[in-house]
A.B. asks: 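Just dropping this structure here.
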Amino acid sequence: MADTPDRDRTLPPQYDPAGEQDIYTLWERSGYFNPDKLPDAGEPYTIIMPPPNANAPLHLGHALFVTVEDIVTRYQRMRGRKALWLPGFDHAGFETQVVFEKKLDKEGRSRFGMQREEFYKEVWDFVQSNKHLSEHGLKRLGSSCDWSRAMFTLDERIVKIVYETFAMMYRDGLVYRGNRTCNWCPKHQTNLANLETKYEERTDTFYYFKYGPFTIGTARPETKFGDKYVVMHPDDERYKDYVHGQKLEIEWINGPLTATVIKDAAAEMEFGTGAMTITPWHSAVDFDIARRHNLAMEQIIDLRGKLLPIAQEFAGMKIGEARSKIVEKLKEKGLFVEEKTDYKHNVQTCYKCNTIIEPQVMPQWYMAMTKPIPSSATQDGLPAEALAKAGRPSLRDMAVAAIEKGEVEIVTERFRKVFMHWMENLEDWSISRQIWWGIPIPVKYCEDCNEIILDIEDKAAACPKCGSGKLRQDPDTFDTWFSSGQWPFAALMAQKEGQKDFETYFPTQLMETGWDILFFWVARMIMFSYYRTGKPPFAQVYLHGLVRDKDRQKMSKSKGNVVDPLGVIDTHGTDALRFALVFSTAAGNDIPLAEDKIKGMRHFANKLWNIARFVLANAEGIQIHDIEADGGTLEAFKMIGRVARLKKEVILHLDALRLHEAAQELYQFVWYEYADKYIEESKKELQDEVSKGFRQQELLQTLLELITLLHPFMPFVTETIYQEMRKRGALPIEEPEFLMIRQW
RNA sequence: GCGCCUUUAGCUCAGUGGUAGAGCGUUUCGUUGACAUCGAAAAGGUCGGAGGUUCGAUCCCUCCAAGGCGCACCA
C-alpha cells in the first residue's frame, strides 16, 4: 500500500514472534526484573527457581516450569507485589558426572585414567558453557527472573553455607559416619541413596543345595563361599531339634567348615525350605541378622563385581560368569538338590545405568531422619503444637508437622498423600558419594587414631586428639541433593552483603517443580529449612507433571521424540508454546503436547494481534479517558462490567494457582465474546457518528484490560500491542512504560 | 506387601451437587479490508459398571472392572 499516507501505522496482518527478543531486551534493560527497582511495590512474593542442571540443553520440562513460574511472577508483580524470581543453576553432582563420563566414553577416554583435578577442570568448563546456553534459553522463554541475583550451587558463598549446615548437623549428631550396607553401583563406582536405586523384576534360577543336614535355597550361589551361618525361624517346627548357636561340621563349596545355627525371625518359614545361609557383606537383610547376633562378616565380591581370593579358583571372575561354574562344582560334589528356573524377584538397580546394585559394607556418611534433634538446635520457628505433638522432633517430624499444620501446603491433595506416605517409611539418608564432581565433604581423618576431624575451612593441620600430623582428606563428595536441599535459604543468604535478601524474601511463597523430585528435593528442602532457619522454606508447593509426546510417551533421546523448545519457539513463538503448556493442564497431571495444540495457540496469539489491529485502526488518534465522566452508553458499561467480572474470575483462579482455568476463561472471552460478538457489533456502531466516539473508547479500554489480563500468559504479544498503543498515543500519560509493570 | 491416581465428544484433556465444556479432527456454507493462523452453522457424550446418600449425582460414599503410578521388598 504505497499510497497509504500512514504506511508505518498499518500493522502487519500476522503477529511475528521474531520481535520477541527485542521486547525481552527492553524489559531486561528496564531493570524491573529486580524487585528492588519496582516503584511502590508492596509485600514481597518470592519464587526460587529450581536450578536447571547445568549439564544438558533445555527441554520442554524447562519450558513448562518457566511458563508456570513466570506466569505467577508476572501476575504477582502486576498485583503490586515485590516479585522476586531468583534464578540459578545446579552443578547436579552425580547426574553431571554421568553425562560427562558418557561424553568421555565417546572420545575413548575414562575418568579412571585421569587425575581428579584434570577431570574436575574439564567438567567445570563443560558446565560453564551449558550454563550460558541454558540462560539464553530461559530468556527466550520470557523468564522475568532477576538475573542480577543468579546463583550457582558451587558458588563459594553457597558452599560455605552448605558446610555450616553440615557442621551444625555433625555437632547435633544428625549426620554421622556409618559402617553398614550401602548401595554400591559397580559401574559408577559409588554409593547411592535408596532413592537413586530402583527395582526391576527379573526371572532367574533359584537353586537348592545341601548345606550339612539342611537344604538351603539361593538365587546367588556365587556369594555363598563364606557362608558359615544357617538361619531359621525360631518357631519353625521342622528345625526344632537344632538350637541357636549349635555348631555343625559340614562340607561346602571349597571344603569342610564349621557352621553355626542361628534362630532369627527374619527367616520366613514359608519361603523356600525355611532355612538359609547368610552373606552379611552383600545383603542388607543378612547384615541386620549378623549384627543382631554379632556374627562375623567377610567380603566376597570386590568393588568391581569380581570374586575375591576367598573364592579360590573362582577368584577374579565376574560374578555373572562364576555362577554357573560354581553350580557345576556343587553338582560334582553332590551338594546340588534342584533348581527352579521360574523364580521371579525384584533386583535393585542403579537408576542411571540399570546395573545391578551390589550391596557392600563400607563407611559412608548418613543423615539421621528420625533421630530427635537435640534441644540446642534451632527450633524456634516450629509451631508450638507441632513441637508438643512430636516431643523432641526429628527432621522427619518437622517436615510432617509442617504439612499437617499447613505451614507448607502441597497444592494437590494427591501429592500431599504421596508425600506423607513416603515420610512414614523414611530411613536415614546416605549423603556421601565416591564421585569427583561435587562439593567435597569437609572432613579429614587422622591416619594414626582414626579421629574424624570436621574441617570446613580446610585449615586443620594436626589431629586434635593425638596430635598426629598425618591427616587424610575425605575423598568423597556430597549427594547433590544435600546442597540443593538448602537452596531456598542458601540462594538468598549468599546474595550481596547489605542487600538483606534473606531478611526480606524468606520464607518464600512458592516452590514450583516436578512431582518426580518431591522426595529428592522438596522433602529435603523442608527439613533443612526448619533445621537451619526455624521456618518453612516456602508456603506452597505446586507440582507439575511430565511433558509427554502426543501419544503420551515419555520424551527421550532414544525414542527420538524429544521436542526442542527453542525450535518450537522459532516456528510458533514463545507465547504459543507457553499458552499450550498451561491450557487444559491441571496441576500435577502429565501433559501430552502435540504440535497441533501449539499451532492452535499460535492462532490465538494471532487472533489477539488482529483484534488489536482492528481496534487501533478504528480508533486512530483516540486516547483512553474515563468514559463515565462524559456519560458512556449502556453497552459500554455492559462490556466493561463483563471484563471486570472476567478479571475477578481470573484473579480467583490465579490466586488458587489454577492457571489452566484462568487461561481457558481468557481464551474463551477474548475469542467468542470480545472478537466474535463485540467487535462484530462494533463494525456497525462505528458507522454511526453519534455512538462512534464511545465505541472507540470502549474498544480501546477493553483491549487494554484484556492484554493486561493475558500478559502473564502471553507476555510478548501483549507487550508488543501495549507498546504499539503507547506509540500511537492511545494510552494516558500516567500509564507505565511497560505492560509488565502495569497494575491490575 | 503398603499407598496413590485415572476412566467425560473420534483423539488429547478441562470442569461442576441441579441433566456437560475446550483444543484438534469431521460435515455444510461463506472470502473486495482485523484475522483463511478467518467467519456462520452442524454432527457427536445414558460423564467405565453396579449399588447407596440426596428433592436431585458425572461430581459425595461403597463395591467391581480396566489402565497407570509411587514406596518397600524374602534368601
Side-chain angles (χ1 to χ4, degrees), chain A residues 1 4 10-15 194-195 197-199 201 206-208 216-221 223-224 227 230-232 266-279 282-286 289 343 345-348 412-427 515-516 518-519 545-546 548-552 572-573 576 579-580 582-586 588-618 658 660-661 663-665 667-668 671-672 675-676 679-680 682-683 699 703:
Chain A
M1 305 250 176
T4 308
T10 310
L11 300 174
Q14 284 171 31
Y15 170 63
N194 290 342
L195 270 178
T197 67
K198 53 187 182 162
Y199 290 86
E201 193 178 83
F206 195 76
Y207 305 90
Y208 290 94
I216 57 123
T218 182
R220 299 196 63 188
T223 65
K224 296 281 152 198
D227 287 9
V230 58
V231 185
M232 58 220 72
E268 301 217 2
M269 292 187 266
E270 294 76 29
F271 192 92
T273 59
M276 64 175 176
T277 63
I278 57 169
T279 314
H282 301 290
S283 154
V285 174
D286 293 2
I289 295 171
Y343 175 59
H345 64 153
N346 293 321
V347 296
Q348 194 181 15
T412 44
E413 174 65 12
R414 173 177 147 214
F415 288 117
R416 198 189 69 83
K417 285 183 192 162
V418 171
F419 182 91
M420 293 305 251
H421 183 252
W422 186 72
M423 293 304 278
E424 276 168 28
N425 307 312
L426 204 52
E427 289 185 355
W515 58 256
D516 51 327
L518 180 60
F519 310 139
L546 231 57
R548 297 173 178 271
D549 76 2
K550 62 179 171 23
D551 303 314
R552 300 197 108 265
H572 301 296
F579 217 76
V582 289
F583 199 81
S584 274
T585 307
N589 287 359
D590 287 354
I591 305 169
L593 189 70
E595 177 151 14
D596 276 349
K597 189 169 176 185
I598 302 169
K599 225 157 94 185
M601 295 308 148
R602 181 193 176 157
H603 296 174
F604 179 59
N606 195 56
K607 186 75 185 176
L608 189 64
W609 176 254
N610 274 290
I611 286 169
R613 225 178 133 219
F614 175 85
V615 172
L616 292 178
N618 286 287
R658 293 188 298 260
H660 60 293
E661 297 228 46
Q664 291 212 25
E665 294 229 11
Y667 181 101
Q668 280 168 46
W671 204 310
Y672 304 130
D676 288 353
I679 285 190
E680 289 306 318
S682 298
K683 289 176 180 170
L699 283 166
L703 175 65

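Bear in mind the structure is a predicted one, so any value in this text is a computation, not a measurement.
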A.B. asks: Are the side chain of A:D286 and the backbone of A:I278 linked by a donor-acceptor contact shorter than 3.5 Å?
C.D. replies: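 No.
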A.B. asks: Base, sugar-phosphate or nothing for A:H421? Non-hydrogen atoms, less than 4.0 Å.
C.D. replies: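 Base, at least one base heavy atom under 4.0 Å.
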A.B. asks: Nearest whole angstrom, please: distance from the P of B:rU7 to the CZ of A:R414.
C.D. replies: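 For the pair A:R414 CZ and B:rU7 P, the rounded distance is 11 Å.
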A.B. asks: Taking the same atom, P, in B:rG49 and in B:rU58, what whole-Å distance lies between them?
C.D. replies: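 The answer is 10 Å between these two P atoms.
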A.B. asks: Tell me if the centroids of the rings in A:Y207 and A:Y343 come within less than 6.0 Å of each other.
C.D. replies: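 Aromatic pair excluded; centres sit 6.0 Å or further apart.
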A.B. asks: Rounding to an integer number of angstrom, what distance separates B:rC2 and B:rG44 when you compare their C1' atoms?
C.D. replies: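 Taking atom C1' in both B:rC2 and B:rG44, they lie 43 Å apart.
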A.B. asks: With C1' as the reference atom in both, quote the distance from B:rU16 to B:rC64 in angstrom, rounded to an integer.
C.D. replies: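 It works out to 26 Å between them.
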A.B. asks: Using only atom types and a distance under 3.5 Å, with no angle test, would you say the side chain of A:N346 pairs donor to acceptor with the backbone of A:Y199?
C.D. replies: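 It does not hold such a pair.
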A.B. asks: OP1 or OP2 of B:rU37 versus the side-chain N and O atoms of A:H572: is any pair under 4.0 Å?
C.D. replies: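 For A:H572, the contact criterion (side-chain N or O under 4.0 Å from OP1 or OP2 of B:rU37) is not met.
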A.B. asks: Work out how far the C1' atom of B:rA9 is from that of B:rC24, and round it to whole angstrom.
C.D. replies: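 Nearest-Å result for B:rA9 against B:rC24 at atom C1': 12 Å.
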A.B. asks: Would you indicate which nucleotide in B:rC74, B:rC71, B:rG70 comes nearest to any side-chain atom of A:F271?
C.D. replies: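 Taking heavy atoms from C-beta onward, the closest nucleotide is B:rC74.
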A.B. asks: OP1 or OP2 of B:rG39 less than 4.0 angstrom from a side-chain nitrogen or oxygen of A:W671, does that happen here?
C.D. replies: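 For B:rG39, OP1 or OP2 has a side-chain N or O of A:W671 closer than 4.0 Å.
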A.B. asks: Which sits closer to the 5' end of RNA chain B, A:F519 or A:A267, going by the nucleotide each is nearest to?
C.D. replies: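 The residue whose closest nucleotide sits nearer the 5' end is A:F519.
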A.B. asks: Would you say the side-chain atoms of A:N610 pair up with the backbone N or O of A:N606, donor to acceptor, closer than 3.5 Å?
C.D. replies: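 Judged by distance alone, yes, a pair lies under 3.5 Å.
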A.B. asks: Between B:rU12 and A:N589, is there an OP1 or OP2 to side-chain N/O distance shorter than 4.0 Å?
C.D. replies: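 Checking A:N589 against B:rU12: no side-chain N or O falls below 4.0 Å of OP1 or OP2.
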A.B. asks: Measuring only the C1' atom in each nucleotide, how far is B:rA22 from B:rA14? A whole number of Å is fine.
C.D. replies: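 Each nucleotide's C1' atom is 7 Å from the other's.
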A.B. asks: Check the interface with nucleotides 28-30 of chain B: list each N/O to N/O pair with the protein under 3.5 Å, or write none.
C.D. replies:
none

A.B. asks: Can you tell me, in whole Å, how much space there is between the P of B:rG18 and that of B:rC55?
C.D. replies: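 My reading of the P atoms in B:rG18 and B:rC55 gives 16 Å.
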A.B. asks: Can you figure out which of B:rA14, B:rG23, B:rA75 approaches the side chain of A:F206 most closely?
C.D. replies: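 Out of B:rA14, B:rG23, B:rA75, the nucleotide with an atom closest to A:F206's side chain is B:rA75.
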A.B. asks: Evaluate the side chain to side chain contact (heavy atoms under 4.5 Å, CB included) criterion for residues A:T218 and A:T277: first the C-alpha distance (whole Å), next the side-chain angles of each, then the deciding distance (0.1 Å), finally the verdict.
C.D. replies: CA-CA 8 Å; A:T218 182; A:T277 63; over 6 Å; no
A.B. asks: What contact category does A:Y15 fall into here, base, sugar-phosphate, or nothing, at under 4.0 angstrom with non-hydrogen atoms?
C.D. replies: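 The answer is nothing, as A:Y15 stays clear of every strand by at least 4.0 Å.
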A.B. asks: Check whether any side-chain N or O of A:K597 sits under 4.0 Å from OP1 or OP2 of B:rU12, and answer yes or no.
C.D. replies: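 For B:rU12, neither OP1 nor OP2 has a side-chain N or O of A:K597 closer than 4.0 Å.
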A.B. asks: 5'-most contact on RNA chain B: A:Q668 or A:Q348, nearest heavy atom basis?
C.D. replies: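 Residue closer to the 5' terminus by nearest nucleotide: A:Q668.
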A.B. asks: Counting only distance, no hydrogens or angles, is the base of B:rC73 paired donor-acceptor with the side chain of A:N346 under 3.5 Å?
C.D. replies: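 Donor-acceptor pair under 3.5 Å: yes.
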A.B. asks: Taking all non-hydrogen atoms of both residues, which atom of A:H345 and which atom of A:A219 are closest, and how far apart?
C.D. replies: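 Scanning both residues completely, I find the closest heavy atoms to be CE1-CB, 4.3 Å.
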A.B. asks: Reckon A:F415 touches a base, only the sugar-phosphate, or nothing at all at heavy-atom distances under 4.0 Å?
C.D. replies: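 Nothing, no nucleic acid heavy atom in range.
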A.B. asks: Whole angstrom is fine here: how far is it from OH in A:Y199 over to C1' in B:rC74?
C.D. replies: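 Rounding to the nearest Å, OH of A:Y199 and C1' of B:rC74 are 12 Å apart.
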A.B. asks: Describe the nucleic acid contact of A:K198 in one word from base, sugar-phosphate, nothing, applying a heavy-atom distance below 4.0 Å.
C.D. replies: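 Answer is nothing: A:K198 stays at 4.0 Å or more from every strand.
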A.B. asks: Can you tell me which stems involve RNA chain B, if a stem is defined as three or more consecutive Watson-Crick or G-U wobble pairs, both distances under 3.5 Å?
C.D. replies: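 So the stems come out as B:1-7 with B:65-71, B:10-13 with B:21-24, B:26-30 with B:38-42, B:48-52 with B:60-64.
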A.B. asks: In this structure, how many angstroms lie between the P atom of B:rC74 and the CD1 atom of A:I278, rounded?
C.D. replies: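 Rounded to the whole Å, the gap is 14 Å.
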A.B. asks: What is the distance, to the nearest angstrom, from the CE atom on A:M423 to the C1' atom on B:rC2?
C.D. replies: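 In whole Å, B:rC2 C1' lies 17 Å from A:M423 CE.
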A.B. asks: Starting the side chain at C-beta, find the nucleotide from B:rG70, B:rU37, B:rC35 nearest to A:R602.
C.D. replies: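 Of B:rG70, B:rU37, B:rC35, B:rU37 is nearest to the side chain of A:R602.
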A.B. asks: When only distance counts, do a donor and an acceptor, one from the side chain of A:E661 and one from the base of B:rA22, lie under 3.5 Å apart?
C.D. replies: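 Counting by modelled atom types and ignoring angles, no donor-acceptor contact under 3.5 Å is found here.
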A.B. asks: Can you tell me which nucleotide in B:rC73, B:rG15, B:rC35 comes closest to the side chain of A:R613?
C.D. replies: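 Looking only at heavy atoms from C-beta outward on A:R613, the closest nucleotide is B:rC35.
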A.B. asks: Minimum heavy-atom separation for A:I289 and A:M276, please, with both atom names.
C.D. replies: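 Scanning both residues completely, I find the closest heavy atoms to be CD1-CE, 3.7 Å.
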A.B. asks: Answer yes if the ring centres of A:F419 and A:F415 are under 6.0 angstrom apart, and no otherwise.
C.D. replies: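 Centroid distance A:F419-A:F415: not below 6.0 Å, so no.
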A.B. asks: Under the side chain to side chain contact (heavy atoms under 4.5 Å, CB included) rule, what do A:R416 and A:E413 come out as? Steps first, then yes or no, please.
C.D. replies: CA-CA 5 Å; A:R416 198 189 69 83; A:E413 174 65 12; 3.4 Å; yes
A.B. asks: For A:H603 and B:rC38, is the shortest distance between a side-chain N/O and OP1 or OP2 below 4.0 Å?
C.D. replies: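 Yes, within the criterion.
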A.B. asks: Locate the shortest heavy-atom distance separating A:D676 from A:E680; write the atom from each residue and the value.
C.D. replies: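 Closest pair (atom of A:D676, atom of A:E680, distance): O-CG, 2.8 Å.
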A.B. asks: Dump the intermediate steps for side chain to side chain contact (heavy atoms under 4.5 Å, CB included) on A:D590 and A:W515, then the final yes or no.
C.D. replies: CA-CA 10 Å; A:D590 287 354; A:W515 58 256; 3.5 Å; yes
A.B. asks: Return the nearest nucleotide to the side chain of A:H345; candidates are B:rA14, B:rC35, B:rA75.
C.D. replies: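 Nearest to the side-chain atoms of A:H345, counting from C-beta on, is B:rA75.
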A.B. asks: Nearest to the side chain of A:W422 - B:rA14, B:rG39, B:rC71?
C.D. replies: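 Selected nucleotide: B:rC71.
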A.B. asks: Figure out the CZ/P separation between A:F419 and B:rC71, and round it to whole Å.
C.D. replies: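 Checked: the CZ to P distance equals 14 Å.
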A.B. asks: For A:I216, answer base if it contacts any base atom (sugar-phosphate contacts may also be present), sugar-phosphate if it contacts only those atoms, and nothing otherwise; contact means non-hydrogen atoms under 4.0 Å.
C.D. replies: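 Answer is nothing: A:I216 stays at 4.0 Å or more from every strand.
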A.B. asks: If we take the C1' atom in both B:rU26 and B:rC63, what is their distance in whole Å?
C.D. replies: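 39 Å, rounded to whole Å.
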A.B. asks: When you compare B:rG15 with B:rC60, how far apart are their P atoms, in angstrom units rounded to a whole number?
C.D. replies: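 One P to the other, the span is 12 Å.
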A.B. asks: Whole angstroms only, please: what is the CH2-P distance between A:W515 and B:rG3?
C.D. replies: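 It is 20 Å, rounded to the nearest whole Å.
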A.B. asks: Start with the C-alpha distance between A:R414 and A:N589, add both sets of side-chain angles, then the distance that settles side chain to side chain contact (heavy atoms under 4.5 Å, CB included), and finish with yes or no.
C.D. replies: CA-CA 11 Å; A:R414 173 177 147 214; A:N589 287 359; 3.5 Å; yes
A.B. asks: For a quick check of understanding: with a heavy-atom distance under 4.0 Å over all strands, which category does A:E268 fall into, base, sugar-phosphate or nothing?
C.D. replies: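 The residue A:E268 makes base contact.
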A.B. asks: Please work out if A:N618 contacts a base, only the sugar-phosphate, or nothing of the nucleic acid, heavy-atom cut-off 4.0 Å.
C.D. replies: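 No contact at all - A:N618 keeps every heavy atom at 4.0 Å or more from the nucleic acid.
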A.B. asks: Quick one: is A:Y343 getting a side-chain N or O under 4.0 Å of the B:rA75 phosphate, OP1 or OP2?
C.D. replies: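 Result: yes.
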A.B. asks: Among B:rC73, B:rC71, B:rA40, which nucleotide sits nearest the side chain of A:L195?
C.D. replies: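 Nearest nucleotide to the side chain: B:rC71.
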A.B. asks: Select base, sugar-phosphate, or nothing to describe what A:V231 touches, counting heavy atoms under 4.0 Å on all strands.
C.D. replies: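 A:V231: no heavy atom of the nucleic acid under 4.0 Å.
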A.B. asks: Checking the side chain of A:K607 only, and the main-chain atoms of A:W671 only, is there a donor and an acceptor separated by less than 3.5 Å?
C.D. replies: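 No; zero donor-acceptor contacts below 3.5 Å.
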A.B. asks: If every non-hydrogen atom of A:E427 is compared with every non-hydrogen atom of A:N194, which pair is closest and at what distance?
C.D. replies: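 For A:E427 versus A:N194, the nearest heavy atoms are OE1-ND2, 3.6 Å.
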A.B. asks: Between A:K607 and B:rG39, does any side-chain N or O lie under 4.0 Å from OP1 or OP2?
C.D. replies: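 True: A:K607 side-chain N/O within range (under 4.0 Å) of B:rG39 OP1/OP2.
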A.B. asks: Measure CD/A:E665 against P/B:rU16 and give the value in whole Å, please.
C.D. replies: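 Spelled out: CD on A:E665 to P on B:rU16 is 12 Å.
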A.B. asks: Given atom CG of A:L518 and atom C1' of B:rC4, what is their separation to the nearest angstrom?
C.D. replies: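 One finds 12 Å between C1' of B:rC4 and CG of A:L518, rounded.
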